[in-house]
Amino acid sequence: MKSVYGNYAKVKSETVLEVINLKTWFFTRRGTVKAVNGVDFALKSGECLCLVGESGCGKSVTALSILRLFDSPPGRIVQGEVIYKGTDLTKCPMPYLRKIRGKDIAMVFQNAQSSLNPVFTIGDQIAEQVMVHERISRSEALDRARMLMEEMNIPQPGRALKMYPHQMSGGMKQRAMIAMGLSCNPAILIADEPTTSVDVTIRAQIIYILQELKNGRDMSVIFITHDLSLVKEIGDRAAVVYGGKIVEVAPVEHILKNPSHPYTVGLIDCLPDISAQNKRLPSIPGNTPNPLDMPPGCPFHPRCPKVMDICRVVEPATVNITDVHAVSCHLFVNMDGGSGNG
């Protein structure tokens with residue numbers, strides 16, 4: 001199978017997580033929802049990989065599939081592998097996976113309000129995760145929780161530990177979720193749009209905290225977002241997701257300076273430009289495809305300004321443009337010697 005990340009391994013350290021042809025489908029009464037339909041990527045030690053795309057493209061389900069946190073039924077991983085330390089997490093026994101969750105691979109969910117238990121204090125919830133994975137006392141776990149709250153720049157951390165989720169602001173809840181994710185010093189942190197429900201000031205604080213954590217702890221991060229401006233601030237590499245697949249992957253500076261897939265170009269064009277005053281902000285026409293009824297060929301072809309006849313019937317292969325930049329588009333398949341006609 002052709003790599004979707006080129007020779008990136010040559011310039012980065014070892015792979016800590018590898019996702020191979022992952023397909024997560026949901027079997028409903030209305031039909032089969034192909035939320036993730038063939039995702040491939042490798043996460044390197046100490047890097048921040050950003051999964052980018054509009055809502056409904058499959059970013060969050062990809063992240064949930066790594067730890068099998070989606071509802072099953074109706075969801076099921078029908079194909080693919082998630083390799084961590086030589087073990088396929090899609091097929092390992094559930095007791096083994098529970099040891100991985102929170103300790104080796106932790107996740108910060110998108111909506112902190114619905115992710116935190118409203119009847120337990122923040123301190124109890126962080127301490128519980130620590131005690132599940134490590135043989136330490138409750139008082140030691142609470143001490144660690146207090147230090148983590150300090151690291152998250154939460155004022156009066158001792159008092160905050162005694163608070164219930166409803167007593168916290170949205171920004172405090174989100175930082176408490178990050179503290180919970182870091183409580184067992186994971187090797188990989190998955191952050192699912194952690195800045196969605198906070199204001200601009202808190203967003204900047206969360207991004208700064210994640211940058212410091214990645215650098216200080218040598219931790220790998222999968223950062224999920226629809227905002228390419230955040231990718232520029234925090235990411236080392238970006239993978240653009242559309243229709244349940246990765247359509248382009250490259251280091252962030254390559255993506256922003258030389259976007260190749262028409263979808264990536266459209267996302268970048270949608271970024272606000274302060275110098276373009278009195279100009280209407282462009283948008284990508286149409287909507288993301290219905291995963292119940294995916295279009296044939298390239299899933300982006302109904303919205304693509306450069307669509308060709310072949311795009312409507314044949315799914316494009318992945319082409320390595322450079323050693324670190326890959327794209328799935330017939331424009332580049334043709335240049336690479338593949339078939340296609342305009």
Side-chain angles (χ1 to χ4, degrees), residues 51 55-56 59-61 63-64 66-72 75 98 101-103 105-134 136-186 188-214 217 219 221-227 230 233-234:
L51 299 183
S55 296
K59 308 183 303 297
S60 294
V61 179
L64 293 170
I66 291 173
L67 292 173
R68 284 157 54 187
L69 289 172
F70 53 83
D71 290 334
S72 179
R98 290 195 183 104
R101 292 173 177 169
K103 180 170 176 59
I105 305 175
M107 187 164 180
V108 178
F109 296 96
Q110 183 173 352
N111 190 337
Q113 179 64 48
S114 62
S115 301
L116 293 167
N117 193 320
V119 301
F120 291 99
T121 65
I122 297 298
D124 285 337
Q125 294 184 60
I126 297 176
E128 179 187 25
Q129 175 158 301
V130 177
M131 291 187 292
V132 164
H133 291 291
E134 300 181 21
I136 62 174
S137 66
R138 173 179 165 78
S139 61
E140 289 174 311
L142 286 172
D143 285 341
R144 184 184 298 184
R146 181 182 53 78
M147 289 188 291
L148 286 165
M149 298 289 267
E150 287 180 359
E151 195 173 0
M152 296 301 107
N153 296 324
I154 293 179
Q156 298 180 297
R159 178 174 174 269
L161 288 178
K162 299 176 182 179
M163 296 172 70
Y164 290 88
H166 73 273
Q167 296 174 305
M168 287 184 155
S169 66
M172 288 180 69
K173 284 196 284 279
Q174 196 64 64
R175 283 179 284 175
M177 283 291 298
I178 296 173
M180 188 182 301
L182 297 171
S183 60
C184 295
N185 196 28
I188 300 170
L189 180 69
I190 303 172
D192 186 5
E193 303 206 39
T195 62
T196 297
S197 57
V198 298
D199 59 38
V200 175
T201 303
I202 299 300
R203 185 182 83 160
Q205 292 178 5
I206 291 174
I207 293 299
Y208 176 77
I209 287 169
L210 290 174
Q211 288 173 328
E212 291 296 303
L213 290 171
K214 184 177 80 73
R217 295 180 177 230
M219 179 178 61
V221 178
I222 298 176
F223 188 87
I224 299 170
T225 184
H226 61 272
D227 189 345
L230 290 181
E233 293 182 50
I234 195 173

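All residue numbers in this chain count up from 1 along the given sequence. Keep in mind that what you see is a predicted model, and the values were worked out from it rather than measured.
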Trainee: Can you check whether Q113's main-chain N or O pairs, donor with acceptor, with K173's side chain at less than 3.5 Å?
Mentor: no

Trainee: For residues I178 and L213, determine if any side-chain heavy atom of one lies less than 4.5 Å from a side-chain heavy atom of the other.
Mentor: yes

Trainee: Would you call Q205 and M152 a side-chain contact if the rule is heavy atoms closer than 4.5 Å?
Mentor: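 Side chain of Q205 against side chain of M152, heavy atoms only: no contact under 4.5 Å found.
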
Trainee: Could you tell me the separation between the CG atom of L148 and the CD1 atom of I126, rounded to the nearest 0.5 Å?
Mentor: 6.5 Å

Trainee: CD of E128 to CG of L142: how many Å apart, nearest 0.5 Å?
Mentor: 11.5 Å

Trainee: Treating H226 as the side-chain partner and E193 as the backbone partner, does any N or O pair qualify as donor plus acceptor under 3.5 Å?
Mentor: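 The answer is no, because no donor-acceptor pair under 3.5 Å joins these two groups.
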
Trainee: State, with a plain yes or no, whether a side-chain heavy atom of Q211 is found less than 4.5 Å away from one of I207.
Mentor: yes

Trainee: Compare every heavy atom of I224 with every heavy atom of S60, then report the nearest pair and how far apart it is.
Mentor: CA-CD1, 4.3 Å

Trainee: Checking the side chain of Q125 only, and the main-chain atoms of N117 only, is there a donor and an acceptor separated by less than 3.5 Å?
Mentor: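 Such a contact is found between Q125 side chain and N117 backbone.
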
Trainee: Less than 4.5 Å apart, side chain to side chain, heavy atoms only: is that true for L210 and P194?
Mentor: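 A side-chain contact under 4.5 Å exists here.
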
Trainee: If you look only at pairs with a residue in residues 139-154, which of them pass as a side chain to side chain donor-acceptor pair (under 3.5 Å), with sequence neighbours excluded?
Mentor: E134-R144, S137-S139, S137-E140, R146-E150, E151-R217

Trainee: From T225 OG1 over to D192 CG, what is the distance, rounded to the nearest 0.5 angstrom?
Mentor: 9.5 Å

Trainee: Give, for atom CG of L67 and atom CZ of R98, the distance between the pair rounded to the nearest 0.5 Å.
Mentor: 12.5 Å

Trainee: Go through it in stages, so that I can follow the logic: the residues are I222 and I66, the test is side chain to side chain contact (heavy atoms under 4.5 Å, CB included), and I'd like the CA-CA distance, side-chain angles, deciding distance and then a yes or no.
Mentor: CA-CA 11 Å; I222 298 176; I66 291 173; 3.9 Å; yes

Trainee: Which value, rounded to the nearest 0.5 Å, describes the distance between M172 atom CE and M168 atom CE?
Mentor: 4.0 Å

Trainee: So which heavy atom on K59 is nearest to which on L51, and how close?
Mentor: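 In this case the closest contact between K59 and L51 is CD-O, 3.5 Å.
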
Trainee: Quick check for you: to the nearest 0.5 Å, what is the distance between L230 atom CG and I206 atom CD1?
Mentor: 10.0 Å

Trainee: Identify the two heavy atoms, one from P165 and one from L116, that lie closest to each other, and give their separation to 0.1 Å.
Mentor: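 Here P165 and L116 meet closest at CG-CB, 3.8 Å.
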
Trainee: Answer whether the closest heavy-atom distance between the side chains of T121 and L161 falls below 4.5 Å.
Mentor: no

Trainee: Where do G102 and Q129 come nearest, in terms of heavy atoms and distance?
Mentor: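 Here G102 and Q129 meet closest at O-NE2, 3.7 Å.
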
Trainee: Between F109 and Q174, which heavy-atom pair has the shortest distance, and what is it?
Mentor: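 Looking at all heavy atoms of both residues, the shortest contact is O-NE2, 3.5 Å.
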
Trainee: Show, in sequence, the C-alpha distance, side-chain angles and deciding distance for K214 and L189, and conclude whether the side chain to side chain contact (heavy atoms under 4.5 Å, CB included) test is met.
Mentor: CA-CA 9 Å; K214 184 177 80 73; L189 180 69; over 6 Å; no

Trainee: So, for A106 and G181, which heavy atoms are closest and what is the spacing to 0.1 Å?
Mentor: CB-O, 3.1 Å

Trainee: Do L64 and M107 make a side-chain contact, defined as non-hydrogen atoms from C-beta onward lying under 4.5 Å apart?
Mentor: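 Yes - at least one pair of side-chain heavy atoms lies under 4.5 Å apart.
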
